[in-house]
Amino acid sequence: MRDGLEVLEERGFVKQCTDLEALRNRLHTEEVTFYCGFDPTHSSLHAGHLIPLFAMAHLARAGHRAIALVGGGTARIGDPSGKTEMRQMLSVEEIKSNAQSIREQISRFIDFKKGKAILEDNAKWLANLNYIDFLRDIGRHFSVNRMLSYETYKARLETGLTFIEFNYQLLQAYDFLVLFKKYGCRLQIGGDDQWGNIVAGMDLIRRVEGEEAYGLTFPLVTRADGKKMGKTEEGALFLNSNFTTAYEFYQYWRNVPDQDVERFLLLYTFLPVEEIGKLGKLKDKEINFAKEKLAFEITKIVHGEEKANNAREAAKAAFDRSQAEGNRSAIPYVTVSGTALSEGISAIELFTKTPLCSSNSEARRLINQGGAYINEKKITDINERIDSSWLEDDELLLRAGKKRYFRVIVEV
RNA sequence: GGGGAGAUUCCCGAGUGGCCAAAGGGGGCAGACUGUAAAUCUGUUGGCGUUCGCCUUCGUAGGUUCGAAUCCUACUCUCCCCA
């Protein structure tokens with residue numbers, strides 16, 4: 001039987017482990033309860049959370065019990081690990097509502113309904129902690145000298161670290177301990193920036209309970225072109241379509257650098273390793289097929305099959321010349337009134353109505369530089385006016401540059 | 001608590017009375033080349049109208065001056081050293 005760890009190893013999920021062989025042995029012989037934390041600092045998870053989500057799913061598929069821990073308590077503090085500045089404080093209400101929407105997103109990867117996987121919120125035990133008790137029971141096990149030596153705090157030591165943030169590690173370690181006591185949770189997984197926090201929890205369990213626990217971290221995923229993983233011009237690549245539409249999401253993965261395709265297929269899809277191996281061997285133009293596969297698969301998992309199909313269709317309609325008539329319905333749009341259009345609207349105004357251009361100057365610049373198209377007709381005149389005669393199927397397809405599309409639909 | 005340094009346009013970072021919408025780099029956007037890659041080269045990069053222009057911006061609030069990012073005063077914040 002595959003123990004889950006093998007799957008993670010062959011797909012490139014493993015960066016560091018506290019005791020690889022001991023963990024392997026345990027995963028092989030028994031059902032292990034493991035956890036991964038998610039801080040509700042935004043109402044949607046983003047691309048960076050995909051690695052932990054997939055890792056949890058792989059382990060759960062191998063028969064282990066997953067706990068997704070929403071950090072409703074720790075989010076009130078903010079983890080300083082790897083951050084250069086203190087995180088903005090969120091209100092308790094915000095955190096609660098964020099936690100709610102994040103739960104739904106996690107359940108796309110882990111099925112909580114069957115009663116096996118568990119969803120927890122550390123606000124339950126952190127919110128009403130007694131400070132004195134906490135210091136006596138937990139605080140005594142932590143050495144400040146040792147904490148200061150951690151790499152994660154180094155950067156912050158340069159610029160300033162507040163006491164509240166310095167406590168984050170204790171709380172996360174305490175989470176691990178609580179989950180161990182409550183569920184027998186023996187493994188914590190997380191990004192490599194969590195290493196210090198994870199090890200701290202493992203140590204705490206050993207000191208307090210005299211039991212073995214393990215930690216496993218994932219590599220920090222980077223892109224071959226040096227761009228930040230999961231970052232778009234607008235910001236983070238969110239999993240919620242209110243922030244990043246399925247089409248935009250699809251396009252992000254469709255445009256990943258060549259060198260990253262195989263690695264990303266392993267990390268961000270459930271496709272069999274053998275199949276990915278074949279896809280990864282494709283060269284030149286052929287690699288585009290693998291990119292489409294990657295984009296489709298991950299969009300399907302995050303947004304569902306229907307939206308993934310629409311996104312793919314829309315992309316084909318926009319980019320594939322041989323398929324002039326595709327289904328563009330997934331391309332984001334804005335509406336404009338029919339009367340306004342019959343009177344004529346300047347091309348500049350049309351572009352600024354969409355996120356394609358944020359100001360008239362920008363639209364003007366776009367036209368001047370020859371990057372503005374409406375229904376694939378290049379706009380060369382700054383003063384070009386668009387009226388109803390331009391309509392095709394009651395809509396206009398605006399394009400900025402080579403690959404940014406947006407639709408304008410007439411409202412009757 | 002005492003002493004010192006600093007806050008510049010998306011980021012880093014020049015600029016110390018007019019020639020500053022503000023050098024340079026990064027990033028972004030666009031063009032060429034392509035495969036909706038990468039690399040490279042070119043252009044562009046506060047807003048509004050567009051020859052000329054006008055408005056907003058150099059931590060915040062006042063002041064000096066014909067004129068300030070640049071000088072003065074107060075305030076806020078950050079960093080460093082000492083206690």
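In what follows, chains are A, B, ... by sequence order, proteins preceding strands, each numbered from 1. Everything quoted here is computed from the prediction, not taken from an experiment.
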Tabulate protein N/O versus nucleotide N/O from nucleotides 39-43 of chain B, keeping only pairs under 3.5 Å, one per line.
from: B:G43; atom 1: N2; to: A:Gln369; atom 2: OE1; distance (Å): 2.9

Problem - By side chain to side chain contact (heavy atoms under 4.5 Å, CB included) - contacts of A:Glu306 (at least two apart) - result: A:Asn310

Practice task
Go along nucleotides 48-53 of chain B 5' to 3' and tag each nucleotide: B for a protein heavy atom under 4.0 Å from its base, S when only backbone or sugar atoms are that close, - otherwise.
Solution key: SBB---

Hey, can you pull the donor-acceptor pairs under 3.5 Å for the side chains in residues 122-136 of chain A, sequence neighbours left out?
from: A:Asn122; atom 1: OD1; to: A:Gly72; atom 2: N; distance (Å): 3.2
from: A:Asn122; atom 1: OD1; to: A:Gly73; atom 2: N; distance (Å): 2.6
from: A:Asn122; atom 1: OD1; to: A:Thr74; atom 2: N; distance (Å): 3.4
from: A:Asn122; atom 1: ND2; to: A:Thr74; atom 2: OG1; distance (Å): 2.8
from: A:Asn122; atom 1: ND2; to: A:Asp175; atom 2: OD2; distance (Å): 2.8
from: A:Lys124; atom 1: NZ; to: A:Glu120; atom 2: OE1; distance (Å): 3.0
from: A:Lys124; atom 1: NZ; to: A:Glu120; atom 2: OE2; distance (Å): 3.4
from: A:Trp125; atom 1: NE1; to: A:Asp175; atom 2: OD1; distance (Å): 2.8
from: A:Asn130; atom 1: OD1; to: A:Ile132; atom 2: N; distance (Å): 3.0
from: A:Asn130; atom 1: OD1; to: A:Asp133; atom 2: N; distance (Å): 3.0

Exercise for the section: Could you list the residues that satisfy salt bridge (Lys or Arg N to Asp or Glu O under 4.0 Å) with A:Asp192, not counting sequence neighbours? Expected result: none

Handout entry: Qualifying ring-ring contact (aromatic ring centres under 6.0 Å, His included) pairs with a residue from residues 92-112 of chain A, counting only residues at least two apart or across chains
Key = A:Phe54-A:Phe109

Handout entry: Flag side-chain contact, heavy atom, 4.5 Å: A:Phe13 against A:Leu266
Key = no

Handout entry: C1' gap between B:G25 and B:C80, integer Å
Key = 27 Å

Exercise for the section: Please test A:Arg365 against A:Asn368 for side chain to side chain donor-acceptor pair (under 3.5 Å), starting from the C-alpha separation and ending with a verdict. Expected result: CA-CA 5 Å; A:Arg365 209 176 293 136; A:Asn368 279 144; over 6 Å; no

Problem - Pairs where residues 261-286 of chain A contributes a residue and the test side-chain hydrogen bond (donor to acceptor under 3.5 Å, both in side chains) is met, not counting sequence neighbours - result: A:Asp260-A:Arg263

Give the table of side-chain donor-acceptor pairs shorter than 3.5 Å for residues 405-412 of chain A, with sequence neighbours excluded, one pair per line with atom names and distance.
from: A:Tyr405; atom 1: OH; to: A:Ala318; atom 2: O; distance (Å): 2.9
from: A:Tyr405; atom 1: OH; to: A:Glu376; atom 2: OE2; distance (Å): 3.4
from: A:Arg407; atom 1: NE; to: A:Ile331; atom 2: O; distance (Å): 3.0
from: A:Arg407; atom 1: NH1; to: A:Glu395; atom 2: OE1; distance (Å): 3.2
from: A:Arg407; atom 1: NH2; to: A:Ser329; atom 2: O; distance (Å): 3.0
from: A:Arg407; atom 1: NH2; to: A:Ile331; atom 2: O; distance (Å): 3.0

Practice task
Kindly assign one of parallel, tilted or perpendicular to the pair A:Phe249 and A:His303, based on the angle between their ring planes and the thresholds 30° and 60°.
Solution key: perpendicular

Completion exercise
A:Arg365 has its side chain closest, among B:U36, B:A30, B:U45, to B:U45

Nucleotide paired to [N] in any strand shown, Watson-Crick or G-U, under 3.5 Å:
N: B:U50; answer: none
N: B:G1; answer: B:C82
N: B:U36; answer: none

Exercise for the section: Give me the residues of residues 284-306 of chain A where at least one heavy atom lies under 4.0 Å from an atom of RNA chain B, by number, or none. Expected result: A:Asp284, A:Lys285, A:Ile287, A:Asn288, A:Lys291

Fill in the blank from the handout: Per the under-4.0 Å heavy-atom filter, residues of residues 253-266 of chain A near RNA chain B come out as A:Arg254, A:Asn255, A:Val256, A:Pro257, A:Asp258

Problem - Which residue lies more 5' along RNA chain B, comparing A:Gly401 with A:Gln251 via nearest heavy atoms - result: A:Gly401

Enumerate, atom names and distances included, each donor-acceptor pair closer than 3.5 Å involving a side-chain atom of residues 351-359 of chain A, sequence neighbours excluded.
from: A:Thr352; atom 1: OG1; to: A:Ile348; atom 2: O; distance (Å): 3.3
from: A:Thr352; atom 1: OG1; to: A:Glu349; atom 2: O; distance (Å): 2.8
from: A:Thr354; atom 1: OG1; to: A:Phe351; atom 2: O; distance (Å): 2.8
from: A:Thr354; atom 1: OG1; to: A:Leu356; atom 2: N; distance (Å): 3.1
from: A:Ser358; atom 1: OG; to: A:Glu362; atom 2: OE1; distance (Å): 2.6
from: A:Ser359; atom 1: OG; to: A:Glu362; atom 2: N; distance (Å): 3.2

Exercise for the section: Would you mind checking if A:Asp393 and A:Arg328 are paired as a salt bridge, meaning a charged N to carboxylate O distance below 4.0 Å? Expected result: no

Handout entry: For atom CD1 of A:Ile367 and atom P of B:C29, their distance in whole Å
Key = 18 Å

Fill in the blank from the handout: Whole-Å distance, A:Arg312 CZ to B:U36 P, equals 17 Å

Practice task
Classify the side-chain pair A:Gln188/A:Gln172 by whether it contains a donor and acceptor separated by less than 3.5 Å.
Solution key: yes

Problem - Sequence neighbours excluded - salt bridge (charged side-chain N to carboxylate O under 4.0 Å, His left out) pairs with any residue from residues 98-112 of chain A - result: A:Arg103-A:Asp121, A:Asp111-A:Lys114

